Amino acid sequence: MKNAIRLIFVLSFILISCKKETIYSSFWDKCEIVAKKELINGDTVIVCDAKAVTKTFNIPLEMLVDSFRVLKLDNKTEEGIIGRSVTSVAYSKNFFGIYCFGYFPLKLFNSQGVFLRSIGSLGQGPGEFIVISDVQIDEANDRVYISTWMSDKILVYDLKGNLKPSISLPSKVMRARFRVNFKKKEVLVLCVTLENTSSQVWLQDFEGNLIQTTSTISRFSDQLPVEEFIVSGLHTDNVDLFRQHYFNSDELLYHYDLKLNKLLPKFKMKNINSSVFIYELPRYYIIETAHSTGPNSNEPESKKIIVDKTSLKGCYFNNFITPIGIPLGNYNMLGHMKDGVFSLVEFGSEIEKHIYNVDESRLTSDNRRLLNKLKQMIEDEADDCSLLFVGKFKQ
């Protein structure tokens, strides 16, 4: 069968808008109001009370995304193989790059999933790095930008992987998130504060000169910088910032207002005893408790909450359910999504386990066919393969 031997197979799901609205309303009709708007130091903040969250539902992925597809990643060469499922993905119109901390360099693919090349390499020489913190693919200007775990510069390459002059930072920073404006030659930087940094957000030029900077968020006295991460998915037009660290259940999610040069509080949790991640999507906030289930556990479990920004309703949830019935509920998977795109890399062998548990009687005939094609695609592989689940978040 021709489709069975193709290296790349794309499953596209075209969802009718009226069906999406039915899914949206039927889901939230089951939920309760779990949050309210409060004034905190003069700012209006949505506050979710964990004690008010009592119900648990799985979330239909159609409710969150406008489009959805499954892409089998190129595994023709050893260099192109994705050896881990916990990865981050950066996108442009015709390319995407996959990276995973310090396990491998940035791997560049075209939009059909064909591996093109590695960008940079692991090491300590010119153009090399130990751990990737953030990536931006600027296709229009033939640039790929990479920030590393701790550095005083942002590395710059072209799409062929050639090293270009780097962008200087004012000082050595840790775990920087950033966005480059090539035309203005400006960079917006979000980072963990160290002794030599006085702000967690600033705007600078390519030479490292500060254009504007805002005061940092106060840190708990027993908190160390090495324990802190900046969570910023940039899924909306706002620059969102949340600090993940130990015992951070009282932390606020902020927007950075570039014109006001100010951090504006927008969301927080109360009556929750765990450390948390808080993610902002265009229509929702997602909260996930952060904890380990033990030294021998490979798959940590945690509680997840979704809150609708408009109705302030919410619930616990375990998984996002794809249109073909496969559940996606990996720990901290939202932490690896960015720029308005839902994305998850998973091994075909793991997805195959879920395929056999899908109740096909609940699927449309089109989605049953797509599920069976995905199953056949995985079975036709002599070795395991990596799958990319991807879709655009609804704005």
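What you see is a predicted model, and the numbers here were worked out from it, not measured in a lab.
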Decide yes or no for Phe317 and Phe57: does some side-chain heavy atom of the first lie under 4.5 Å from some side-chain heavy atom of the second?
no

Cationic tip of Lys303 above Tyr316 ring, under 6.0 Å, 45° of axis:
yes

Taking the side chain from Glu288 and the backbone from Asn332, do they hold a donor-acceptor pair closer than 3.5 Å?
yes

Contact summary for Ser199 and Thr213, nearest pair of heavy atoms
CB-OG1, 3.0 Å

Return yes if some donor-acceptor pair links the side-chain N/O of Ser67 with the main-chain N/O of Gly391 below 3.5 Å, else return no.
no

At their closest point, which heavy atom of Val341 faces which heavy atom of Val390, and how far apart are they?
CG1-CG2, 3.6 Å

Starting from Leu73, can I reach Val86 by hopping between I/L/V/M/F/W/Y residues whose side chains sit under 4.5 Å apart?
no

Of all heavy-atom pairs linking Cys191 and Ala176, the shortest is CB-CA, 4.0 Å

Return yes if a side-chain donor-acceptor contact under 3.5 Å exists between Asn238 and Tyr256, otherwise no.
no

Asp383 atom CG, neighbour heavy-atom count above 12 within 6.0 Å:
no

Could you tell me whether a side-chain N or O of Asn181 sits under 3.5 Å from a main-chain N or O of Lys184, the two making a donor and an acceptor?
yes

Going by ring pair (Phe, Tyr, Trp, His ring centres under 6.0 Å), Tyr284 matches just one of Trp28, Phe320, Tyr279. Which one?
Trp28

Let me confirm one number: the CD1-CZ distance from Ile287 to Phe277, rounded to the nearest 0.5 Å.
13.0 Å

Audit row: Arg177, Asp134, salt bridge (Lys or Arg N to Asp or Glu O under 4.0 Å) steps and yes/no
CA-CA 6 Å; Arg177 307 297 301 272; Asp134 197 10; 3.2 Å; yes

Is Asn273 atom CG crowded by more than 12 heavy atoms from other residues, nucleotides or ligands, each under 6.0 Å away?
no

Verify, without hydrogens or angle tests, whether Ser232 (side chain) and Asp240 (backbone) share a donor-acceptor contact under 3.5 angstrom.
yes

Could you tell me if the side chain of His336 sits less than 4.5 Å from the side chain of Asn330, heavy atoms only?
no

Salt bridge present between Arg243 and Glu251 (N-O < 4.0 angstrom):
yes

Report the distance from atom CD1 of Ile306 to atom CZ of Arg283, rounding to the nearest 0.5 Å.
11.0 Å

On the ring face of Phe182, is Lys185 found with NZ or CZ under 6.0 Å from the centre and within 45° of the axis?
yes

Could you see if Ile146 belongs to whatever hydrophobic cluster contains Phe101? Use Ile, Leu, Val, Met, Phe, Trp, Tyr and a side-chain cutoff under 4.5 Å.
no

Nearest atoms (heavy-atom pairs only) where Lys304 meets Asn318:
NZ-O, 3.8 Å

Just do the side chain to side chain contact (heavy atoms under 4.5 Å, CB included) check on Arg143 and Lys164 with the steps written out, would you?
CA-CA 9 Å; Arg143 289 291 182 268; Lys164 299 295 181 179; 4.0 Å; yes

For Asp359 and Ser361, indicate whether the former's side chain and the latter's backbone hold a donor-acceptor pair under 3.5 Å.
yes

Would Ile326 and Leu371 satisfy side chain to side chain contact (heavy atoms under 4.5 Å, CB included), going step by step from the backbone distance to the final call?
CA-CA 9 Å; Ile326 294 175; Leu371 178 68; 4.1 Å; yes

Give a yes or no on whether a salt bridge exists between Lys107 and Asp74, defined as a side-chain N under 4.0 angstrom from a carboxylate O.
no

Return yes when atom NZ of Lys51 has more than 12 non-hydrogen atoms of other residues, nucleotides or ligands closer than 6.0 Å, and no otherwise.
no

Just by distance, do the side chain of Gln136 and the backbone of Val180 share a donor-acceptor pair under 3.5 Å?
yes

Donor-acceptor pair, distance only, cut-off 3.5 Å: does the side chain of Lys338 make one with the backbone of Val135?
yes

Answer with yes or no whether the hydrophobic clustering places Ile46 together with Leu253; edges join I, L, V, M, F, W, Y residues whose side-chain heavy atoms lie under 4.5 Å apart.
yes

If you measure from the Lys or Arg side-chain nitrogens to the Asp or Glu carboxylate oxygens, is any gap between Asp142 and Lys160 under 4.0 Å?
no

Would Leu264 end up clustered with Leu190 when hydrophobic side chains under 4.5 Å apart are linked, directly or stepwise?
no

So, does Ser274 use its side chain to make a donor-acceptor pair with the main chain of Val276 at under 3.5 Å?
no

What do the steps show when you test Val358 against Ile324 for side chain to side chain contact (heavy atoms under 4.5 Å, CB included), and what is the final call?
CA-CA 8 Å; Val358 172; Ile324 54 176; over 6 Å; no

May I ask you to check whether over 12 heavy atoms, not counting those of Asn209, lie within 6.0 Å of atom CG?
yes

Side chain Thr214, main chain Lys262, donor-acceptor under 3.5 Å
no

Glu280 with Lys309: basic N within carboxylate O range, under 4.0 Å:
yes

When every non-hydrogen atom of Pro105 is compared with those of Ser121, the smallest separation belongs to CB-CA, 3.9 Å

Basic-acidic side-chain contact under 4.0 Å: Asp308, Lys313:
no

Please report the C-alpha distance between Glu228 and Gln200 in whole Å, then the side-chain angles of each, then the deciding distance to 0.1 Å, and finally whether the side chain to side chain contact (heavy atoms under 4.5 Å, CB included) criterion is met.
CA-CA 12 Å; Glu228 183 180 326; Gln200 291 187 283; 2.7 Å; yes

Measure from the side-chain N and O atoms of Glu139 to the backbone N and O of Asn94, and report whether any donor-acceptor pair falls under 3.5 Å.
yes

Using every non-hydrogen atom in the two residues, find where Phe109 and Gly80 come nearest and quote the distance to one decimal.
CZ-O, 3.7 Å

If the plane angle is over 60° it's perpendicular, under 30° parallel, otherwise tilted; pick one for His235 and Phe393.
perpendicular

